[in-house]
Every structure is written in C-alpha cells, then in structure tokens.
Amino acid sequence: MELNAFIIFFAAIFTSNILLTNFLGMCSFLSVSKEIESSIGLGMAVTFVMTVTSAINYVVYHFILVPLDIIYLQYIIFIIVIAAFVQLTEMVLERFSPLLYYSLGIFLPLITVNCAILGVSLFMIIRDYSFLQAVAYGAGSGLGWLLAILILAGIRKKIKDKYVPTGLVGAGLSLIITGIMALAFVGFSGIVVIQ
Amino acid sequence: MILKQKMMNKVLYALIPIILFAIFLYGWRILMVIFISNIFAFLTEYLFIRKKKFGKVSMAAFVTGTLLALTLPPTIPFWMVAVGSIVAISFGKMVFGGFGMNVFNPAIVGRTFIYISFPNAMTMQWLQPLTKFPAGFAVWQNTSLVTTATPMIEYNNSAKLTELTQLFSGTISGSIGETSAILILLVGIYLVITKTAKWQPMLSLLISFSLFTSIFYGANPLQFIFSGGLMFGTIFMITDPVSMPKNKIAIWIYGLLVGFLTVFIRKFSLFTEGFMFALLLGNIFMPIIEFGLNQMKVKKSG
C-alpha cells in the first residue's frame with residue numbers, strides 16, 4: 001500500500017510490462033502489429049479502456065462486491081463491466097471518429113476479450129491497490145502495451161518477409177521477436193519492484 | 001561453401017591481437033572457447049542454408065562467433081558457449097532470413113540469452129590474469145580463481161574505482177576480450193581508418209555515456225568508460241553495419257540512446273553491466289524511431 005502511484009505507473013510501463021513480463025494480450029498484439037497506424041490506434045484504445053475499467057472495477061469491487069460478500073463473482077462481474085464499457089466506447093467512436101472506427105474494425109470488439117484488460121483488473125485486486133494506485137497501474141499497463149505493440153510494428157515494418165524461412169512467416173517470427181524484446185526488457189528489472 | 005566478405009575479414013584480422021592478449025592473460029583454453037563458438041556458429045548457419053540455391057555460410061558467422069566468445073567470462077563451460085553460439089546465429093540472424101536481414105546484433109542476442117539463463121556462470125567466477133612472461137602461453141588454463149571482482153562489480157560493492165593505468169593495460173579481471181582498453185582503442189582506430197566501422201555511432205555513444213555518467217554519478221567519466229564491456233561494445237558491437245539504422249540522424253540518436261541506457265541500467269537496475277541490455281534495447285527501439293523520423297521528413301518536404 002505504501003507504493004507511490006507514480007512509481008507504479010513507471011513500473012507498469014517498463015519493469016513489469018503487462019505484455020513482456022506476463023505475456024497477456026498476445027492475440028491482438030500479434031495480429032494488429034502489421035501496420036504501424038492501426039497499432040497506434042489499437043494501443044490508444046487499449047490504454048483508454050484499461051485506465052477507465054480499472055477505475056470502474058475498483059469501485060465495483062470495493063463498494064458492491066465486498067459489502068455484499070459476493071467476491072467469488074468477481075470474474076463474471078469484471079468481464080461484464082469491461083464488455084459494457086467497450087460497447088459504449090464503440091458507439092462513441094462510431095459517432096465521433098468513424099475513420100478510427102473503421103480502421104480498427106473487428107479489433108475494437110476484440111478488446112473485450114483482451115486478457116490484458118481483465119488481467120489488470122485482477123492484479124490490482126490481488127495486490128491490494130488503493131484507488132489512485134489502481135488507476136495509475138491501469139494507465140501504465142495500457143501505455144506499456146502501446147509501447148510494446150509500437151516497437152513490434154516498427155520491427156515488422158523493417159523486416160522483409162520474403163527472406164524469412166517459410167514456416168516462420170507472420171506469427172512465428174513475431175513471437176520470436178517478442179521473446180527477444182522480453183529479453184531486452186529484463187535489463188530494466190530491479191529499478192522499481194511492484195510485485 | 002563459405003561466402004567471402006572482405007569487410008568481415010578485416011574485423012577478424014583486427015580481433016587477432018585481442019585474442020593473443022587474452023591467451024597471454026588466461027591460457028590456451030581461451031582459444032578453445034573461441035574455436036567452439038565458431039564451429040557451432042558455422043554448423044547452425046549451415047543447417048539453415050544447406051537447401052538453398054547458392055547457399056553459402058557468410059564470413060559474418062565467424063565474426064559473430066568470435067565476438068560472442070570474447071564477451072564471455074574466461075571460466076565459461078564449453079557447452080554454454082555452444083548454446084550461446086547456436087542461439088545467436090539461429091534466433092539472432094537466421095530466422096530473419098540470414099546475413100543482412102537481422103534486426104538485432106546476433107552476438108548480443110546470444111550473450112543476453114545465456115546471461116539470463118545461467119547467471120551464475122556468467123557473473124560469479126572471474127580469473128586473476130597472469131602477467132609474468134610466458135604467462136598464459138605456457139599453460140592450458142589459468143587456475144587462479146579470484147576473490148577480487150571485476151572493476152565494475154568492485155565499484156558497485158565498495159564505490160572504489162580501479163586505477164586508469166591498470167584499466168589501460170588490461171591486467172584486470174573481466175570477460176575474455178574486454179580487459180585491455182588500449183588494445184581495443186588501437187584496433188578501433190584501425191577499423192575506422194580502413195572504413196570497416198563507422199565512427200558516428202562510436203562517438204555519439206561515448207559522448208552520451210560521458211555526459212550521463214557525470215550527471216548520474218557526479219564523477220569523472222574516464223574510468224567508467226574503460227571499466228567493463230563498454231569499450232569493447234563501442235568498437236565492435238554498436239558498429240555492426242546490419243543492425244545499425246540507415247538514416248544518418250538515426251545513427252546519432254542510436255548512439256545517444258544506447259549511451260543513456262547503459263548508464264541508466266548500470267546505475268539503477270540489478271545488473272552491474274548495462275551495455276549488453278542497452279544495445280539490445282537500442283536495437284528494438286530504433287526501427288520505430290527511424291520510421292518516425294522518415295515520416296517527419298516526408299511531411300516537411302511534402
């Protein structure tokens with residue numbers, strides 16, 4: 001509880017990056033990273049949804065689930081909250097920014113089942129964060145996810161796929177690159193510890 | 001069977017004095033380490049390209065093998081050398097399509113892999129170098145396991161810096177090829193003069209490293225530059241022409257970024273030596289930064 005919210009924010013981006021240390025949210029990470037523009041869009045959408053849902057879920061958990069003594073329902077409730085919020089975001093986006101809406105296409109509804117978002121909500125409960133810490137953790141994890149997908153998109157842009165061994169084209173090579181990225185991020189470990 | 005590459009040959013020639021000096025310090029076992037690393041580098045690359053038309057093993061495989069071997073501690077078990085070499089060539093280079101296509105520096109990928117997998121063998125045992133002639137030329141392996149740590153570890157433990165003269169001559173414990181600053185500097189000058197390596201990344205790296213060392217440590221950066229693997233990395237690792245960005249401004253940013261990250265990791269993280277991670281991080285961040293730079297250029301001109 002004594003951790004500064006800013007430290008948690010920083011750690012969630014670099015030392016405990018939700019994607020590179022917990023390997024959550026891999027599916028959209030692998031499929032959207034082909035294009036840099038759409039990966040930025042999805043990354044920002046994930047950051048937004050993560051920040052807001054971690055706040056909502058915090059309130060729901062501590063002011064509804066705990067008083068009613070139905071903590072065992074947390075998985076279902078969290079998923080419902082996330083799904084409802086993504087639906088809402090979708091409608092707002094469609095109304096105000098149709099361009100982003102169509103470029104994201106199927107991936108926007110897919111955020112609902114992005115395990116990183118449920119993961120963040122569950123981690124903040126397990127680690128017993130305060131409200132401010134939970135929001136900082138959500139925002140930091142979202143930005144960390146955005147950073148990771150941006151890096152992968154940049155690297156995939158640089159690689160010329162035609163020389164890659166046939167069996168590795170696409171997801172195979174992306175997974176190997178993600179592994180090497182995770183290796184490099186180990187270098188940050190020990191700067192701040194939140195786990 | 002082997003593709004000839006003049007540039008890579010020059011790098012290999014340049015490494016000969018460093019290898020000889022390493023044998024002088026630690027004994028003939030060093031040569032075996034380098035030999036094993038190269039053999040496995042060759043075999044791995046051969047397995048990948050054997051079915052391709054005109055498939056030839058590039059000279060660069062031997063450069064990667066030798067560089068990897070020189071960054072390992074002298075007590076490293078042979079099988080770990082082989083693992084590092086196989087990972088370096090296969091995951092660092094061949095999965096991207098072979099020579100010229102790799103995004104990361106293969107030798108650094110290999111070293112990081114074994115560093116994280118076998119931290120004890122990579123960081124705990126160092127040898128006290130032999131100094132009296134014929135020193136290592138007369139023995140198979142220098143057996144004087146040290147209690148004194150490498151300059152970097154010693155600084156982390158007791159904030160005591162090693163004397164500059166010792167750092168220059170290389171009679172300190174450390175990885176196989178990284179100890180003698182003066183030898184590495186001379187080789188670096190040779191590489192720059194023969195246009196084998198670019199000077200821009202070296203200079204930008206050293207500038208940013210000195211700057212951030214003075215900021216974070218508040219000390220004269222000279223001794224920090226010559227401690228640990230920084231000099232070796234500056235001359236041989238960051239100058240790898242394939243994993244380096246192509247754009248001129250991007251090369252400067254690359255050097256500055258790696259320099260900053262090296263100091264940052266040395267100062268704040270768990271690890272005493274930051275250059276390896278810093279370079280790998282530089283490699284993964286650069287493609288997107290370079291893309292951003294190009295976008296900015298397009299916008300300006302259009």
Side-chain angles (χ1 to χ4, degrees), chain A residues 7 10-11 13-17 19-21 33-40 43 144 146-193 195, chain B residues 48-49 51-52 87 90-106 108-117 119 242-243 245-246 261-262 264-292 294-295:
Chain A
I7 289 178
F10 178 82
I13 298 177
F14 292 106
T15 59
S16 320
N17 189 306
L19 201 139
L20 294 174
T21 56
S33 56
K34 259 187 212 132
E35 295 295 327
I36 291 180
E37 282 79 13
S38 51
S39 61
I40 294 177
L146 170 65
L147 180 74
I149 196 172
L150 253 184
I151 292 172
L152 182 65
I155 294 174
R156 282 183 77 168
K157 180 122 191 149
K158 194 181 172 187
I159 295 168
K160 299 170 195 79
D161 258 351
K162 62 176 172 178
Y163 297 106
V164 173
T166 345
L168 286 175
V169 174
L173 189 59
S174 302
L175 278 171
I176 291 176
I177 297 171
T178 313
I180 297 177
M181 281 162 62
L183 268 187
F185 268 68
V186 169
F188 285 125
S189 58
I191 296 173
V192 274
V193 182
Q195 174 64 10
Chain B
F48 270 90
I49 51 125
K51 291 230 174 108
K52 275 191 191 157
V87 170
S90 58
F91 289 108
K93 191 165 88 173
M94 296 318 285
V95 295
F96 295 99
F99 176 74
M101 299 297 145
N102 48 309
V103 184
F104 312 107
N105 185 328
I108 287 288
V109 172
R111 186 177 198 264
T112 317
F113 182 81
I114 45 178
Y115 189 87
I116 292 173
S117 310
V242 180
S243 58
K246 303 285 169 285
L261 286 171
T262 308
F264 188 76
I265 291 173
R266 273 188 184 183
K267 172 85 182 164
F268 295 109
S269 89
L270 282 174
F271 306 103
T272 38
E273 179 53 273
F275 182 80
M276 171 183 75
F277 288 114
L279 186 65
L280 202 54
L281 285 167
N283 278 338
I284 71 170
F285 278 117
M286 268 338 275
I288 189 71
I289 294 178
E290 206 177 359
F291 177 81
N294 289 341
Q295 290 296 94

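Order of the sequence lines fixes the chain letters, A, B, ..., with proteins taken first and strands second; residue numbering starts at 1 for each chain. What you see is a predicted model, and the numbers here were worked out from it, not measured in a lab.
Ring-plane geometry between A:Phe185 and A:Phe188 is classed as perpendicular, the angle between the planes exceeding 60 degrees on a 0 to 90 degree scale with a lower cut at 30.
The contact between B:Phe291 and chain A is made entirely by side chain atoms (from C-beta outward), counting heavy-atom distances below 4.5 Å. Both the backbone and the side chain of B:Phe96 come within contact range of chain A, judged by heavy atoms closer than 4.5 Å. Using a 4.5 Å cut-off between heavy atoms, B:Met286 does not touch chain A at all. For chain B, the nearby part of A:Leu147 is the side chain; its heavy atoms alone come within less than 4.5 Å. The contact between B:Leu261 and chain A is made entirely by side chain atoms (from C-beta outward), counting heavy-atom distances below 4.5 Å. For B:Ile116, the part lying under 4.5 angstrom from a heavy atom of chain A is the side chain only. Proximity to chain B involves both the backbone and the side chain of A:Ile155, based on heavy atoms less than 4.5 angstrom apart. Only the side chain of B:Phe264 comes within less than 4.5 Å of a heavy atom in chain A; its backbone stays farther off.
Taking each heavy atom of A:Ser33 and A:Ser39 in turn, the nearest pair found is CA-CB, 4.4 Å. Between B:Val95 and A:Pro165, the closest heavy-atom pair is O-CD, 3.4 Å. Contact record, A:Leu19 with A:Asn17: N-OD1, 2.9 Å, taken as the closest heavy-atom pair. Across all their heavy atoms, B:Gly274 and B:Thr262 have their closest contact at C-CG2, 4.1 Å.
Side-chain contact check for A:Ile40 versus A:Leu150: some heavy-atom pair is nearer than 4.5 Å. Side-chain contact between A:Leu173 and A:Arg156: absent, with no pair of heavy atoms (C-beta onward) separated by less than 4.5 Å.
Heavy-atom pairs under 4.5 Å with chain B were tallied for A:Ile177, A:Thr15, A:Ile151; the largest tally goes to A:Ile151. Most heavy-atom pairs under 4.5 Å with chain B, from the set A:Ile180, A:Ile176, A:Leu168: that is A:Ile180. Ranked by heavy-atom pairs under 4.5 Å with chain B, the list A:Gly172, A:Gly167, A:Gly154 is led by A:Gly154. Contacts with chain A were tallied for B:Leu281, B:Val109, B:Ile265; B:Leu281 has the most, counting heavy-atom pairs under 4.5 Å. Across B:Ile284, B:Asn283, B:Thr112, B:Leu279, the residue that shares the most heavy-atom pairs under 4.5 angstrom with chain A is B:Ile284.
Enclosure of atom CZ in B:Phe285 by more than 12 non-hydrogen atoms of other residues, nucleotides or ligands within 6.0 angstrom is indicated.
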Please step through side chain to side chain contact (heavy atoms under 4.5 Å, CB included) for the pair B:Phe271 and B:Tyr115, ending with a clear verdict. CA-CA 11 Å; B:Phe271 306 103; B:Tyr115 189 87; 3.6 Å; yes

